[in-house]
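Here the structure comes first, spelled out in structure tokens, and everything after it is commentary.
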2 protein chains.
Amino acid sequence: MAGQTIQPRPDRIASLHSDRPQAGSRCQGLLWSTLEEICRLLCIESVSLASDRMLFQHVQFRSGQRILSHGDAFDTLYIVNSGFLKTALIDDFGNEKVLGFPMKGDMLGMDGIHIGHHTSETLAMSECDLILLPFTRLNSLSRTTPDIEHLMYRMMSRELALRQAMIGMLGTLSAEARVARFLVALSDRFAEMGYSARTFNLRMKRQEIGSYLGLTTETVSRTISAFHDLGCITVQQRTITILDAEALKALRRLPSSPAHQALRRSSTGLAPKPSARR
Amino acid sequence: MAGQTIQPRPDRIASLHSDRPQAGSRCQGLLWSTLEEICRLLCIESVSLASDRMLFQHVQFRSGQRILSHGDAFDTLYIVNSGFLKTALIDDFGNEKVLGFPMKGDMLGMDGIHIGHHTSETLAMSECDLILLPFTRLNSLSRTTPDIEHLMYRMMSRELALRQAMIGMLGTLSAEARVARFLVALSDRFAEMGYSARTFNLRMKRQEIGSYLGLTTETVSRTISAFHDLGCITVQQRTITILDAEALKALRRLPSSPAHQALRRSSTGLAPKPSARR
DNA sequence: CGTGAATTTGAAACAAATCAATTGGTGTGG
DNA sequence: CCACACCAATTGATTTGTTTCAAATTCACG
């Protein structure tokens with residue numbers, strides 16, 4: 001399953017569609033979307049013309065339902081039209097490691113392509129409306145509409161870059177910095193969706209945040225409390241209000257991996273490199 | 001740039017080609033490869049028939065040369081035919097975070113597709129021979145040979161899954177476990193390439209390993225020494241000999257994120273769930 | 001062989017995990 | 001409607017793994 005980080009996709013910045021209704025038009029009690037709607041949802045420039053004839057069906061899930069499980073055969077991709085989900089890996093001992101919290105505009109299932117089955121779990125954390133993209137249909141469509149192919153490359157590449165950023169974060173940032181970035185990214189993401197960037201509701205438990213960020217529940221809780229005391233944010237159970245986004249963004253790593261190089265040469269008389277710092 | 005972990009790709013397991021020479025045939029002083037050769041290199045079932053006519057050119061790089069830089073326009077993908085490389089992210093302060101050590105059979109550059117330029121650095125750590133896959137050519141070829149499209153999906157999906165695994169590792173494993181896995185994965189990878197799985201040469205510095213694994217140079221060094229003292233491995237500078245691969249693989253996490261759930265219910269009389277452990 | 005880089009090793013400092021206990025919220029049943 | 005059980009979140013005390021700082025050693029190379 002896909003493991004989106006929460007970070008807003010670069011493509012997406014400044015493309016607000018606060019007032020736009022959810023994609024999909026009703027027909028025989030079911031929702032369907034055109035390719036164009038899908039591109040808009042994904043924040044990718046609209047693919048070729050005259051594709052209104054291609055309709056993709058929606059499915060709904062209720063809060064708590066499992067959408068994909070480890071081992072499920074891969075045959076279709078999903079696009080989140082509305083709702084909040086969670087993707088996770090289950091390790092050998094049954095512990096879950098959260099990979100991401102997909103929401104509107106995210107694509108699910110891409111990691112199942114290469115071996116033909118999914119390797120992670122996805123479940124709905126709220127009522128969800130997803131658009132189905134049967135993979136074989138996608139393939140046959142891309143013969144007549146080559147742009148679809150490019151759309152897919154872009155989606156997968158975007159996902160790749162997102163995970164790359166996540167790896168960078170897990171490998172180098174302190175707990176404080178991780179939580180700060182998480183909150184800012186969530187805020188940005190909510191803004192994109194037309195909600196308030198300032199006040200929002202965490203859909204997930206502290207434990208899930210911890211798992212996602214590679215921290216324990218307690219550390220997440222403590223860090224959030226610290227931000228609160230610091231005046232950057234306000235917390236009431238799962239309601240967060242961001243008071244000073246800049247301060248949060250500025251939170252860089254306290255630790256750092258290769259940060260010895262800053263002041264090593266003092267005998268040579270050379271000034272320390274302007275690069276490394278902490 | 002691609003950020004392969006070192007882990008052997010699932011597709012690739014048990015497909016040894018120790019005795020196979022490097023791909024590519026010489027022509028006018030240059031090396032060229034067919035699609036079939038490329039598929040073999042990537043460990044993907046050979047794509048369609050009669051594609052021998054499509055030839056892809058190779059390029060050579062010498063040790064230390066930069067292959068891709070942050071900001072470079074994206075226009076071609078690369079496949080490693082031989083040699084050892086390194087991909088890394090450079091943060092705002094100029095610190096480098098190693099993303100992977102691509103080697104034979106890995107594809108480079110996939111993360112550049114979606115925004116049209118590369119976001120990471122790739123450089124050669126040894127003499128390297130790479131196969132060029134101009135992206136526009138790939139696109140036009142896939143019109144006549146639809147299998148190419150699927151090949152690309154698989155490659156990208158594989159990369160996605162690899163990074164997913166990396167995220168899982170960075171988020172949950174102890175330093176010891178990370179280094180252990182790193183060594184085992186390297187060993188497996190060398191075996192795939194026909195080298196000894198038992199004794200091999202680390203191409204990278206301790207610092208680079210540390211950056212890759214989210215640890216400091218000192219921790220990597222200490223951990224390797226500990227394995228040595230423990231009798232799992234033998235170390236002489238950059239030459240590693242694996243004595244007890246099983247012991248290394250068995251090294252699980254000492255820390256763990258959500259591992260409190262094991263023995264919580266004692267009042268209910270229910271046995272603890274069989275799943276969670278540490 | 002000497003010089004600088006890479007690696008190793010030790011001791012101290014520190015961030016985050018662990019253990020443990022409390023609080024707050026939610027739902028259920030008496 | 002209150003009491004109780006259950007879960008999530010918070011907070012504190014303590015431990016531990018890893019980083020940091022510092023110094024010694026080995027290796028690579030001109």
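Below, chain A is the first sequence line, B the second, and so on; all start at residue 1. Just so you know, these numbers use all the heavy atoms, side chains as well, and skip hydrogens, waters and symmetry mates. If you're wondering where the values come from, they're calculated on a predicted model, not measured in any experiment.
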Name of the residue among B/L130, B/D129, B/I131 meeting side-chain contact (heavy atoms from CB on, under 4.5 Å) with B/L31: B/D129
At less than 3.5 Å, do the side-chain atoms of A/E218 and the base atoms of C/dC19 form a donor-acceptor pair? yes
Under 4.0 Å between a side-chain N/O of B/R238 and OP1 or OP2 of C/dA6, yes or no? no
Closer than 4.0 Å, any side-chain N/O of A/T219 to the OP1 or OP2 of C/dA17? yes
Gap between atom CG of B/L99 and atom CG of B/L89 - 0.5 Å precision: 5.0 Å
Rounding to a whole Å, what distance do you find between [X]:[atom1] and [N]:[atom2]?
| X | N | atom1 | atom2 | value |
| --- | --- | --- | --- | --- |
| B/I209 | C/dT8 | CD1 | P | 9 Å |
| B/L173 | C/dA16 | CG | P | 18 Å |
| A/R206 | C/dG24 | CZ | C1' | 13 Å |
| A/E208 | D/dC7 | CD | P | 15 Å |
| A/L202 | D/dA9 | CG | P | 9 Å |
| B/Q236 | D/dT26 | CD | C1' | 13 Å |
| B/L215 | C/dA15 | CG | C1' | 15 Å |
| B/K205 | D/dC27 | NZ | C1' | 14 Å |

On a heavy-atom basis, which atom in B/L85 and which in B/C128 lie closest, and how many Å separate them? CD2-SG, 3.3 Å
Pairwise 5' ranking along DNA chain C for A/R222 and A/Q237, keeping only the more 5' one: A/R222
Could you label the plane-to-plane angle of the A/F84 and A/F190 rings as parallel, tilted or perpendicular, counting under 30° as parallel and over 60° as perpendicular? tilted
Any base atoms under 4.0 Å from A/S225, or only sugar-phosphate, or nothing? Heavy atoms, all strands. sugar-phosphate
Ring centers of A/Y195, A/F200 separated by less than 6.0 Å: no
Looking only at C/dT9, D/dT18, D/dT19, the nucleotide nearest the B/T216 side chain is D/dT19
